[in-house]
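Below: one structure, written as structure tokens.
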Amino acid sequence: MTDKQFKKLKFYVIAITILFIIGFLLWEHLNGGIVSHHLMHHSDYPSISNWWGLLILPFLAWFSTVRIEKRVSLQPSDAPVRAKILRFVLIGFFCMLVLSLVQSLSVIFGYGNVAMYLSLGLVVVGLFLPIYKAECIFGYVIGSIVFSGAIIPLIGILVIAGISWFSHVCVKPLVFRVIKAQPQ
């Protein structure tokens, strides 16, 4: 993928994201008003409006595409390596998108325990897979915007992504160093 193609793809991703959030907010506005969500689903806590999605989702789309572009550009111009990176990007994005959709649907249909177990499972998976990547965070937030807006899932996934980052950057090298130091 050339730089020109990637810039075009970046434009399309951001434009589709903006159109999605505008369409979603317009649908909400025409069907009873823009929804606000309370933290921890307690009415005593402050509420956060879905209007924040107009800032968060386009920013996440832009940030994700910039990070992916940087990751791809740091590789040699070998097409199979770049294609492999882009395949992993798509896998990470769509897996997190599906996971957040399943969590949202399970809460909507009254199976809150399923959503909780999926979140705990995501923490465990994050210890082994790099879910701190920008495309994973973007996929998770865009998948759960219909149920809980953009801020609440962003906060949750940033905590889980922080755990994943710490595991991959701090713990994993330490474990490999200890294993390598063991006498054979």
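Below, all heavy atoms of this structure are taken into account, side chains as well, without hydrogens, waters or symmetry copies.
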Any idea which heavy atoms bring [X] and [Y] closest together, and the distance?
| X | Y | result |
| --- | --- | --- |
| Ala161 | Ile137 | CB-CD1, 4.0 Å |
| Gly112 | Val107 | CA-CG2, 4.4 Å |
| Ser100 | Leu97 | OG-O, 3.0 Å |
| Gly143 | Leu101 | O-CD2, 3.1 Å |
| Phe128 | His168 | O-CE1, 3.3 Å |
| Ser164 | Gly126 | OG-O, 2.8 Å |

For residues 6-27, which side-chain donor-acceptor pairs fall under 3.5 Å, sequence neighbours excluded?
residue: Lys10; atom: NZ; partner: Glu69; partner atom: OE1; Å: 3.1
residue: Thr17; atom: OG1; partner: Val13; partner atom: O; Å: 2.7

> Any link between Ile34 and Ile48 through a network of hydrophobic side chains (Ile, Leu, Val, Met, Phe, Trp, Tyr) touching at under 4.5 Å?
Replying inline: yes
>> Give me each pair satisfying side chain to side chain donor-acceptor pair (under 3.5 Å) with a member in residues 51-66, each pair once, sequence neighbours excluded.
In response: none
>> Give me each pair satisfying side chain to side chain donor-acceptor pair (under 3.5 Å) with a member in residues 104-120, each pair once, sequence neighbours excluded.
In response: Gln103-Ser119
>> With a 6.0 Å cut-off (strictly less than), is the heavy-atom count around CZ of Arg71, excluding the residue itself, greater than 12?
In response: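 Counting other residues, nucleotides and ligands, CZ of Arg71 exceeds 12 neighbours.
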>> Within a 6.0 Å radius of atom NE2 on His38, are there more than 12 heavy atoms belonging to other residues, nucleotides or ligands?
In response: yes
> Counting only N and O atoms by type, is there a donor-acceptor contact under 3.5 Å from the side chain of Ser47 to the main-chain atoms of Ser43?
Replying inline: no
>> Closer than 3.5 angstrom, by distance alone: can the side chain of His37 be matched with the main-chain N or O of Asn50 as a donor-acceptor pair?
In response: no
>> Let me confirm one number: the CD1-CG distance from Ile145 to Leu57, rounded to the nearest 0.5 Å.
In response: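 Atom-to-atom, Ile145:CD1 and Leu57:CG are 4.0 Å apart.
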> Can you tell me how far the CZ atom of Phe63 sits from the CD1 atom of Ile56, to the nearest 0.5 Å?
Replying inline: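 Taking CZ in Phe63 and CD1 in Ile56, the distance rounds to 14.0 Å.
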> Passes side chain to side chain contact (heavy atoms under 4.5 Å, CB included), Val175 versus Val171? Steps please.
Replying inline: CA-CA 6 Å; Val175 168; Val171 176; 4.1 Å; yes
> Yes or no on side chain to side chain contact (heavy atoms under 4.5 Å, CB included) for Met96 and Leu122, after CA distance, side-chain angles and deciding distance?
Replying inline: CA-CA 9 Å; Met96 294 298 281; Leu122 187 59; 3.9 Å; yes
> Got Ile142 and Phe93 here, is their nearest side-chain heavy-atom distance under 4.5 Å?
Replying inline: yes
